[in-house]
Peer 1: 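Have a look at the structure that comes next, please.
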There are 2 protein chains.
Amino acid sequence: MSARRGQPLTAEEIYAAVLRLVDAGGVEGLSMRKLAAELDVNPMSLYHHVENKDALVRGACATVASRLRLPPDDGAPWQEQTRALARAYRSIAQSHPSLWSYVNRHPALVEDEGGMWEVFNRILVAAGVPADELPRVRTVLYTFVSGFLSAETDGLLGELGGAEDFDAAFEGAVDLIVAGLEARYS
Amino acid sequence: MSARRGQPLTAEEIYAAVLRLVDAGGVEGLSMRKLAAELDVNPMSLYHHVENKDALVRGACATVASRLRLPPDDGAPWQEQTRALARAYRSIAQSHPSLWSYVNRHPALVEDEGGMWEVFNRILVAAGVPADELPRVRTVLYTFVSGFLSAETDGLLGELGGAEDFDAAFEGAVDLIVAGLEARYS
DNA sequence: ACCTGAACACCGTTCAAGT
DNA sequence: ACCTGAACACCGTTCAAGT
């Protein structure tokens, strides 16, 4: 039996607990049984609120992704908007590193986070990328940024050396991308 | 009891089986018990040859990494050597995608693969990167390439769209890196 | 010295039985 | 209608007991 009050679990309650457990021990460290214990509930009761562990992670993702705040379409130079978008994305990744790292390598879980691709497109057009190259360039640059962030959140950045100040290294990485775009498309 | 001949397991035999299982079902799909079955051996016998599952993966890595063939130091332009190094690294990653993907996000398992960093340094010096920026630039570019490769091996590249021809997308990605280096350091 | 069965402490998930 | 205990098919690893 559970020591809980009569009210059933809310989605908010569940996902707050999921994020707590994932932050503490990664998605691999999350288990239905631990989550149930965290919520003071019978493990099997969880299946009444969520289909399975995968759906749990997907829901946690949606919760976090909804917090992405995209840079506005003011008249700022595309270089500055690129940096703003990259920083906004990084801050989401860093808010729950283990979750982001896991989701980023599970294609089925990656979804359009609040119109990010549209914003990215707009910026690349401003940078002079021709329409037919746009999807490829967008995808490649996304893999570059997510590669850096994976290295950062997985601890590889520190291991590889040369980047004691991660913020500075990130800015340098974005600078290199901007320089590459300028050289090829401006 | 085992149906094996008297001879004990060899490391070659074990790692060949590990790679077979990892290729088929990823590192997450590898288990000591399945490996033992694959080798027709008692699960507990494996612990006589290897410390634990982690050591197993580390050994498999070393096996694969030893196959990396670095580009020679001929007088080729640094742009061409950059492409050659990137291609050599990609072909290793692609030879056992699941293993590479797993190892790449476990910092403790990433090791210098046959002097790759030295070769990378030499190329970047030729590209005009100043000595004090070298470690940072090397690390950032590594995260870019490994980000692309992770996206490719994890199936994210196809999911994101814009890259039906992965080889072409990879060349485009390296082109962008080269353009960035030329713009900032040449 | 080498090998291994049973056991321990975990998983995700199903399902029949309870209220 | 909702909940849950027992069960199933898995894990990695330990350890005492066997040869």
Side-chain angles (χ1 to χ4, degrees), chain A residues 1-15 17-62 98-99 101-103 105-106 108-109, chain B residues 1-15 17-62 98-99 101-103 105-106 108-109:
Chain A
M1 79 319 21
S2 84
R4 288 179 58 81
R5 64 226 176 286
Q7 297 301 338
L9 289 169
T10 64
E12 282 77 20
E13 226 178 338
I14 291 177
Y15 289 118
V18 169
L19 289 176
R20 238 178 295 137
L21 289 181
V22 168
D23 286 347
V27 174
E28 331 288 341
L30 170 72
S31 81
M32 301 298 276
R33 290 161 131 109
K34 279 191 215 160
L35 177 61
E38 177 85 5
L39 289 165
D40 196 11
V41 140
N42 184 288
M44 297 313 114
S45 300
L46 285 172
Y47 285 92
H48 204 255
H49 296 88
V50 78
E51 201 182 348
N52 52 27
K53 194 182 169 182
D54 240 52
L56 210 54
V57 176
R58 193 161 29 244
C61 267
S98 305
L99 181 67
S101 168
Y102 179 87
V103 168
R105 56 181 193 263
H106 288 77
L109 301 177
Chain B
M1 68 347 355
S2 83
R4 289 179 57 80
R5 63 224 176 287
Q7 296 302 338
L9 289 170
T10 64
E12 283 77 20
E13 226 178 340
I14 290 176
Y15 290 118
V18 168
L19 289 176
R20 238 177 296 137
L21 290 181
V22 168
D23 286 346
V27 174
E28 332 287 340
L30 170 72
S31 82
M32 301 299 277
R33 291 161 130 108
K34 279 191 215 163
L35 178 60
E38 177 85 6
L39 289 165
D40 197 11
V41 140
N42 184 288
M44 299 312 116
S45 300
L46 286 172
Y47 286 92
H48 203 256
H49 297 87
V50 78
E51 201 182 348
N52 52 26
K53 194 182 169 182
D54 240 53
L56 209 54
V57 176
R58 193 160 29 243
C61 269
S98 306
L99 182 67
S101 168
Y102 180 88
V103 167
R105 56 181 193 262
H106 289 77
L109 300 177

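A, B, ... follow the sequence lines: proteins, then strands. Residue 1 opens every chain.
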Peer 1: Measuring from atom CG of B/L30 to atom CG of B/L19, what distance do you get when rounded to the nearest 0.5 angstrom?
Peer 2: 10.0 Å
Peer 1: Whole angstrom is fine here: how far is it from CG in A/L9 over to C1' in D/dC3?
Peer 2: 12 Å
Peer 1: So, for B/G29 and B/K34, which heavy atoms are closest and what is the spacing to 0.1 Å?
Peer 2: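 Smallest interatomic distance, heavy atoms only, reads O-NZ, 2.8 Å.
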Peer 1: Measuring to OP1 and OP2 of C/dT4, would you say a side-chain N or O of B/S45 lies under 4.0 angstrom away?
Peer 2: yes
Peer 1: Side chain of A/N52: nearest nucleotide among D/dT13, D/dT4, C/dT13?
Peer 2: C/dT13
Peer 1: What heavy-atom pair brings A/L39 and A/A17 nearest, and what distance separates the two atoms?
Peer 2: CD2-CB, 3.8 Å
Peer 1: Mind jotting down which residue pairs meet the salt bridge (Lys or Arg N to Asp or Glu O under 4.0 Å) criterion with at least one end in residues 44-62 of chain A? Sequence neighbours excluded, please.
Peer 2: none
Peer 1: By the salt bridge (Lys or Arg N to Asp or Glu O under 4.0 Å) test, which pairs, at least two apart or in different chains, include something from residues 20-31 of chain A?
Peer 2: A/R20-A/E38, A/E28-A/R105
Peer 1: Provide the closest heavy-atom pair for B/N52 versus B/Y47 in the form atom of the first, atom of the second, distance.
Peer 2: CA-CE2, 4.2 Å
Peer 1: Want to know the stems of DNA chain C: at least 3 consecutive Watson-Crick or G-U pairs with distances under 3.5 Å, which are they?
Peer 2: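 When the pairs of DNA chain C are grouped into runs of at least three, the stems are C:4-8 with D:12-16, C:12-16 with D:4-8.
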Peer 1: Does any non-hydrogen side-chain atom of A/I14 lie less than 4.5 Å from one of A/L56?
Peer 2: yes
Peer 1: Please give me the minimum heavy-atom distance between B/P43 and B/A36, naming the atom from each residue.
Peer 2: CA-CB, 3.4 Å
Peer 1: What one-letter contact string describes nucleotides 14-19 of chain C from 5' to 3', where B marks a base within less than 4.0 Å of any protein heavy atom, S marks contact via sugar-phosphate atoms alone, and - marks no contact?
Peer 2: B-----
Peer 1: Can you list, in residue-number order, the parts of residues 24-37 of chain A that come under 4.0 Å of DNA chain C, counting heavy atoms only?
Peer 2: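 Contacts with DNA chain C under 4.0 Å: A/L30, A/S31, A/M32, A/R33, A/K34.
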Peer 1: I'd like the C1' distance from D/dC15 over to C/dC3, given in whole Å.
Peer 2: 13 Å
Peer 1: Could you check if a side-chain atom of A/V27 sits within less than 4.5 angstrom of a side-chain atom of A/V103, using non-hydrogen atoms only?
Peer 2: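 Sidechains of A/V103 and A/V27: no contact.
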Peer 1: Residues two or more places apart in sequence or in another chain: which of them pass side chain to side chain contact (heavy atoms under 4.5 Å, CB included) with B/S98?
Peer 2: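 B/S98 satisfies side chain to side chain contact (heavy atoms under 4.5 Å, CB included) with B/V22 only.
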Peer 1: May I have the distance from A/D54 (atom CG) to C/dC11 (atom P), rounded to whole angstrom?
Peer 2: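 One finds 17 Å between P of C/dC11 and CG of A/D54, rounded.
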Peer 1: So do the side chains of B/L9 and B/H48 get within less than 4.5 Å of each other, counting heavy atoms only?
Peer 2: no
Peer 1: Compare the minimum distances between each of C/dT4, D/dG12, C/dG12 and the side chain of B/K53, then state the nucleotide with the smallest one.
Peer 2: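 Side chain of B/K53 sits closest to D/dG12.
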